[in-house]
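These notes are about the structure you will find just below.
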Amino acid sequence: MEENPQMDGVVAVDDYTGLKVYHRFKLLHPGREIEVVGYNNSLPNELTDQHFHSVDLNPNEMGRAAVKLLFQPETEKLRHIIVSHIIQKS
């Protein structure tokens, strides 16, 4: 962040990492805004603001779909299952 002050957005591996990056950016550049996208929708809204977005990948639904694919009978031949997602804005 110090070497690339022109950055205006971050995609983080999860919400907690995104929040850490967001706070670090605000410490380095207090007058600037940055958009952050995290995954898992695991933070309470009180910890984020309108510049923090999270993609809820529905991990429970994803796990059920994975088990269904793994243990399906050979005759069904399902190759994939589409699991929905939701983009949460704070």
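Fair warning: this is a prediction, and the values are worked out from it, not measured in the lab.
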Checklist outcome for this item: N40 meets the side chain to side chain donor-acceptor pair (under 3.5 Å) criterion, sequence neighbours left out, with none
Item to check | Residues, nucleotides or ligands: over 12 heavy atoms within 6.0 Å of I87 CD1 | outcome: no
Checklist entry - Should M1 and V11 be regarded as members of a common hydrophobic cluster, given that ILVMFWY residues are connected when their side-chain heavy atoms come within less than 4.5 Å of each other, either directly or indirectly? => result no
Item to check | Qualifying residues under ring pair (Phe, Tyr, Trp, His ring centres under 6.0 Å), relative to H29, sequence neighbours excluded | outcome: F25
Checklist entry - Is there a donor-acceptor pair closer than 3.5 Å between any side-chain N or O of D15 and the backbone N or O of Y39? => result yes
Checklist entry - How about S84 and N58: does a side-chain donor come under 3.5 Å of a side-chain acceptor? => result yes
Checklist entry - What residue pairs, at least two apart or across chains, pass ring-ring contact (aromatic ring centres under 6.0 Å, His included) with a residue in residues 57-88? => result none
Checklist entry - What residues form a salt bridge (charged side-chain N to carboxylate O under 4.0 Å, His left out) with E3, not counting sequence neighbours? => result none
Item to check | Over all atoms of both residues, closest heavy-atom pair of Q50 and H53 | outcome: O-CE1, 3.3 Å
Next on the checklist: Checking Y22 now: which residues fulfil side chain to side chain donor-acceptor pair (under 3.5 Å) with it, not counting sequence neighbours?
Outcome noted: D49
Next on the checklist: Quick one, L19 and L43 - any side-chain contact, counting heavy atoms below 4.5 Å?
Outcome noted: yes
Next on the checklist: Between V10 and V37, is there a side-chain heavy-atom distance shorter than 4.5 Å?
Outcome noted: no
Checklist entry - With hydrophobic residues grouped by side-chain heavy-atom distances under 4.5 Å, do L28 and V36 end up in a single group? => result yes
Item to check | 4.5 Å side-chain heavy-atom contact, I81 and R64 | outcome: no
Item to check | E2 with R24: basic N within carboxylate O range, under 4.0 Å | outcome: yes
Checklist outcome for this item: Quick note, salt bridge (charged side-chain N to carboxylate O under 4.0 Å, His left out) partners involving residues 26-41, not counting sequence neighbours, are K26-E33
Checklist entry - Should I34 and D8 count as side-chain neighbours, where that means a heavy-atom distance under 4.5 Å? => result no
Checklist outcome for this item: Here the gap from D56 atom CG to N41 atom CG, rounded to the nearest 0.5 Å, amounts to 5.0 Å
